[in-house]
Number of protein chains: 2
Amino acid sequence: MGQGAGRREPTMREVAALAKVSTKTVSRVINGLPGAGTEVTDRVRAAARTLGYRPDLTASSLRRSDRRSATIGVLFEDLSNPFDSALLRAVEDRARHSGVLVLAGSSEDDRALQRELLVSLSARRVDGVVVMAAGGHQDALHQERERGTPMVLVDRPPTFGGTDCVTTTNRDSSRDAVLRLAALGHRDIGFLGDRRTLWTSQERYTGYLEGLAQAGLTLREELVRTDLHGDAPAEAAARTLLGLARPPTALFTAQNLVTVGAMRALRARGEHRRVALIGFDDFRLADLLEPGITVVRQDVPGIGRKAAELVLARIDGDTSPPVHAVVPATLVRRGSGEIPPPTG
Amino acid sequence: MGQGAGRREPTMREVAALAKVSTKTVSRVINGLPGAGTEVTDRVRAAARTLGYRPDLTASSLRRSDRRSATIGVLFEDLSNPFDSALLRAVEDRARHSGVLVLAGSSEDDRALQRELLVSLSARRVDGVVVMAAGGHQDALHQERERGTPMVLVDRPPTFGGTDCVTTTNRDSSRDAVLRLAALGHRDIGFLGDRRTLWTSQERYTGYLEGLAQAGLTLREELVRTDLHGDAPAEAAARTLLGLARPPTALFTAQNLVTVGAMRALRARGEHRRVALIGFDDFRLADLLEPGITVVRQDVPGIGRKAAELVLARIDGDTSPPVHAVVPATLVRRGSGEIPPPTG
DNA sequence: GGTGGTTACGTCAACGATGACGTAGGAGTG
DNA sequence: CACTCCTACGTCATCGTTGACGTAACCACC
């Protein structure tokens with residue numbers, strides 16, 4: 001394989017020949033199973049070292065009774081997204097502790113691609129998968145789950161039953177954010193949200209509504225903009241809101257990039273010190289801006305670790321009822337969320 | 001395997017039995033090879049669909065002559081780091097185009113861990129690896145390469161020969177950044193760098209020295225701080241420099257987090273509009289800060305794509321001489337790098 | 001001193017798939 | 001009609017490894 005060199009990896013048979021034992025004995029030594037004498041063990045070890053033998057896990061897992069590949073699949077929306085990559089890292093760390101490696105892919109919130117990647121993962125016989133479900137129907141995931149593949153959904157719950165899931169306190173934390181703004185005296189609180197097909201967007205919007213209701217505020221529909229995918233549309237939407245005859249005095253932005261877009265709009269209008277802003281999802285440097293951006297911070301490592309733990313447990317045969325773990329998010333005050341409404 | 005359900009995947013043999021043909025014929029149909037009549041083909045396809053048959057790539061690649069697993073390994077320092085995850089994404093995209101999936105791991109710049117992960121990857125018989133070499137000696141990588149594993153190093157070159165590598169214009173871009181500061185009239189330009197064991201740090205430092213020399217400036221060693229790992233140490237170092245009797249009027253920060261640390265220090269002292277700053281590596285929101293941060297931006301997707309292309313070509317048997325590809329970085333002016341020195 | 005148990009091996013088949021090769025039947029050719 | 005060639009299958013061994021099982025040697029004990 002090496003730059004055309006075509007060197008083959010040594011096999012157990014070759015080790016066995018060199019050590020003058022059977023392959024079965026080599027297998028015993030390599031796997032540390034009983035039934036090999038000390039002298040033979042030494043001979044086999046020496047032969048393996050001499051030849052540079054390394055076991056072939058794929059052949060091994062083909063034959064073994066448990067059929068484990070010691071590999072799990074991770075299917076997130078976009079591995080270059082900070083949220084997704086932090087999640088991946090957390091899953092990876094937990095998995096490595098169990099000797100499990102991670103096959104990772106980005107599904108770009110595209111169902112066809114997600115299905116394709118799922119097929120690729122199953123062709124490699126991964127032991128289980130951790131998935132961020134693409135928007136819309138989840139037939140492919142459901143089918144895969146029905147086949148018996150251990151599966152944990154993260155960030156968004158399944159639309160089918162019998163499957164573990166880890167999410168954050170989307171609704172409650174959004175409600176709390178809105179209540180905090182209301183407590184400062186804000187009565188016109190705008191909402192900027194991501195694609196409505198996303199469960200998280202819906203939950204955060206619901207939380208926004210709950211917050212308004214609980215604070216005794218009435219919803220002004222013209223202050224709500226959703227389906228903002230990326231920071232550019234979010235910026236445009238924010239500009240529109242701020243240009244209204246009776247503009248919002250505070251904004252709740254329900255996603256990472258939407259927050260960034262809103263910040264750009266506020267800055268462009270020179271209103272970033274006058275209009276309050278709370279965003280969902282923390283981001284690096286949020287504290288270095290002026291004012292610092294108040295955010296709802298998800299416990300991303302916690303979510304990833306939990307998801308990995310769940311899938312590993314299922315792989316190990318845990319048959320307890322499906323779990324929907326909710327990892328609490330916290331509000332981080334940095335200034336932008338503490339701006340009071342203009343007096344008068 | 002599913003939550004203890006223990007359902008087995010159907011095999012070719014079962015499909016063959018249902019379609020009343022031999023397994024070899026099923027193999028032909030599944031792989032689209034000639035030698036199967038239309039009627040038989042239809043019967044096999046129907047049987048496969050009925051049973052929900054999915055080929056086992058691991059068994060297949062065990063038997064096949066080319067032994068390909070259609071999987072490559074990616075070993076970066078920290079998959080949750082924005083640079084690393086953007087790189088991973090670029091590699092993943094290019095690999096997917098060739099039907100190749102990615103087994104990813106973080107080596108945390110730890111040689112022992114990197115070696116361990118390398119062993120795990122080889123146990124799974126990956127076709128090749130893309131590696132960000134951990135600092136210090138590269139014996140493990142060298143050995144793996146000697147065994148014939150196709151390998152491409154990214155970000156940092158190998159200390160051994162015969163191996164492809166993709167890096168950016170560390171030295172030249174650093175020199176240009178320093179020259180730009182000098183052209184504005186800066187004569188006291190500080191350097192803040194990451195761990196000196198890293199090749200990139202050394203290169204960027206060399207570029208700094210070249211820039212000083214070319215601008216006719218003499219090095220003031222007390223303005224150089226290296227081995228800053230993370231933003232906290234960088235912030236402390238920047239504070240020290242700014243507190244000198246004759247402080248720098250401009251800073252060149254040679255890494256992502258070091259730039260962040262320097263910004264914090266400048267802000268804490270209220271000097272972020274007076275002291276010029278150019279950082280190596282772009283980061284999100286650099287444009288939203290005040291002033292915007294001027295940076296040397298690497299073409300991360302370009303680096304990742306190139307690395308993937310190289311390793312895939314080697315896997316396909318390309319035996320041309322090893323390549324050291326250098327992907328150019330560009331200077332992005334946002335304000336902080338255009339601050340002139342105080343007059344007088 | 002036979003019986004039973006344990007230890008240290010070996011032999012064989014099988015995991016799921018494919019490469020090498022065999023073969024029956026039909027088409028084409030002289 | 002005999003011969004060749006091709007197509008469409010099937011048979012068998014094998015990839016690297018391990019589970020099931022066999023067996024020879026040795027020890028202990030009644």
Side-chain angles (χ1 to χ4, degrees), chain A residues 1 6-45 47-48 51-70 122-127 147, chain B residues 1 6-45 47-48 51-70 122-127 147:
Chain A
M1 330 200 123
R7 188 136 62 223
R8 246 182 2 84
E9 289 274 332
T11 73
M12 236 175 211
R13 175 145 46 219
E14 295 167 53
V15 175
L18 182 57
K20 298 197 198 311
V21 295
S22 72
T23 58
K24 180 72 235 206
T25 297
V26 176
S27 170
R28 281 190 265 254
V29 172
I30 297 294
N31 294 80
L33 296 174
T38 51
E39 197 220 340
V40 165
T41 299
D42 290 346
R43 245 171 39 226
V44 170
R45 291 234 176 87
L51 296 176
Y53 171 76
R54 295 190 295 190
D56 184 332
L57 187 67
T58 65
S60 163
S61 88
L62 176 63
R63 184 59 179 96
R64 282 188 125 95
S65 40
D66 62 8
R67 311 296 311 269
R68 300 277 173 79
S69 61
S122 82
R124 286 162 182 81
R125 295 300 190 260
V126 295
D127 300 329
R147 284 170 163 272
Chain B
M1 328 199 126
R7 189 136 61 223
R8 244 181 5 84
E9 289 275 332
T11 72
M12 235 175 212
R13 177 153 39 229
E14 295 167 53
V15 176
L18 183 57
K20 299 201 201 308
V21 295
S22 72
T23 59
K24 181 72 235 212
T25 297
V26 177
S27 169
R28 282 190 265 255
V29 172
I30 297 294
N31 293 82
L33 296 175
T38 51
E39 197 220 343
V40 165
T41 299
D42 290 347
R43 253 182 19 235
V44 170
R45 290 237 177 84
L51 296 176
Y53 170 76
R54 295 189 296 191
D56 183 330
L57 187 66
T58 64
S60 164
S61 87
L62 177 62
R63 185 59 179 94
R64 280 188 128 93
S65 40
D66 64 6
R67 313 294 314 267
R68 298 278 173 79
S69 60
S122 83
R124 287 160 181 82
R125 295 301 189 257
V126 295
D127 299 329
R147 284 170 163 271

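Heavy-atom basis, side chains included; hydrogens, waters and symmetry copies ignored. Chain letters run A, B, ... following the sequence lines, proteins first, then strands; residues in each count from 1. Keep in mind it's a predicted model, so treat the numbers as computed, not measured.
- For the pair B:Arg43 (side chain) and B:Ala19 (backbone), a donor-acceptor distance under 3.5 Å is present.
- Between A:Arg8 and D:dG16 there is a side-chain polar atom (N or O) within less than 4.0 angstrom of OP1 or OP2.
- D:dC15 atom C1' lies 14 Å from atom CG of B:Leu57, rounded to whole Å.
- In this structure, B:Arg125 places its CZ atom 7 Å from P of D:dT17, rounding to the nearest Å.
- For the contact set between residues 12-26 of chain B and DNA chain D, defined by any heavy atom under 4.0 Å, the members are B:Val21, B:Ser22, B:Lys24, B:Thr25.
- Recorded end-axis angle for the helix from C:dG1-D:dC30 to C:dG30-D:dC1 stands at 50°, based on five pairs per end and rounded to 10 degrees.
- When every heavy atom of B:Thr25 is checked against every heavy atom of B:Val40, the shortest pair comes out as CG2-CG1, 3.6 Å.
- Between B:Asp42 and B:Glu39, the closest side-chain pair of non-hydrogen atoms is not below 4.5 Å.
- Minimum heavy-atom separation, A:Ala36 to A:Val29: CB-CG2, 4.0 Å.
- Across C:dG19, D:dC9, D:dC15, the shortest atom-to-atom separation from the side chain of B:Leu62 is found for D:dC15.
- If you measure from atom CG of A:Asp42 to atom P of C:dA8, you get 13 Å, rounded to the nearest angstrom.
- The two residues B:Leu62 and A:Ala59 come nearest to each other via the heavy atoms CD1-CB, 4.0 Å.
- Distance B:Arg63 CZ to D:dC15 P: 7 Å, rounded to the nearest Å.
- The nearest pair of heavy atoms linking A:Arg125 to B:Arg54 is NH2-O, 3.0 Å.
- Between B:Ser60 and C:dG16 there is no side-chain polar atom (N or O) within less than 4.0 angstrom of OP1 or OP2.
- Within the structure, a side-chain polar atom (N or O) of A:Ser27 is placed less than 4.0 Å from OP1 or OP2 of D:dT18.
- Remark: A:Gly35, A:Ala36, A:Gly37 in residues 31-38 of chain A come within less than 4.0 Å of DNA chain C through at least one heavy atom.
- Between the side chain of A:Arg28 and the base of C:dG10, at least one donor-acceptor pair of N or O atoms lies under 3.5 Å.
- Closest heavy-atom contact between A:Tyr53 and A:Met12: CE1-N, 3.5 Å.
- The shortest non-hydrogen separation linking B:Leu57 to B:Ser69 is CD2-O, 3.5 Å.
- Here the OG1 atom belonging to A:Thr58 is positioned 14.5 Å from the CZ atom belonging to A:Arg63, to the nearest 0.5 angstrom.
- Regarding B:Glu39, its CD atom lies at a distance of 12 Å from the C1' atom of D:dA8, rounded to whole Å.
- If you check distances only, the side chain of B:Arg67 never reaches the base of D:dG16 with a donor-acceptor pair under 3.5 Å.
- A distance-only check finds a donor-acceptor pair linking the side chain of A:Arg124 to the backbone of B:Ala70 [under 3.5 Å].
- By the 4.0 Å N-to-carboxylate-O rule, A:Arg67 lies too far from B:Glu9 to be salt-bridged with it.
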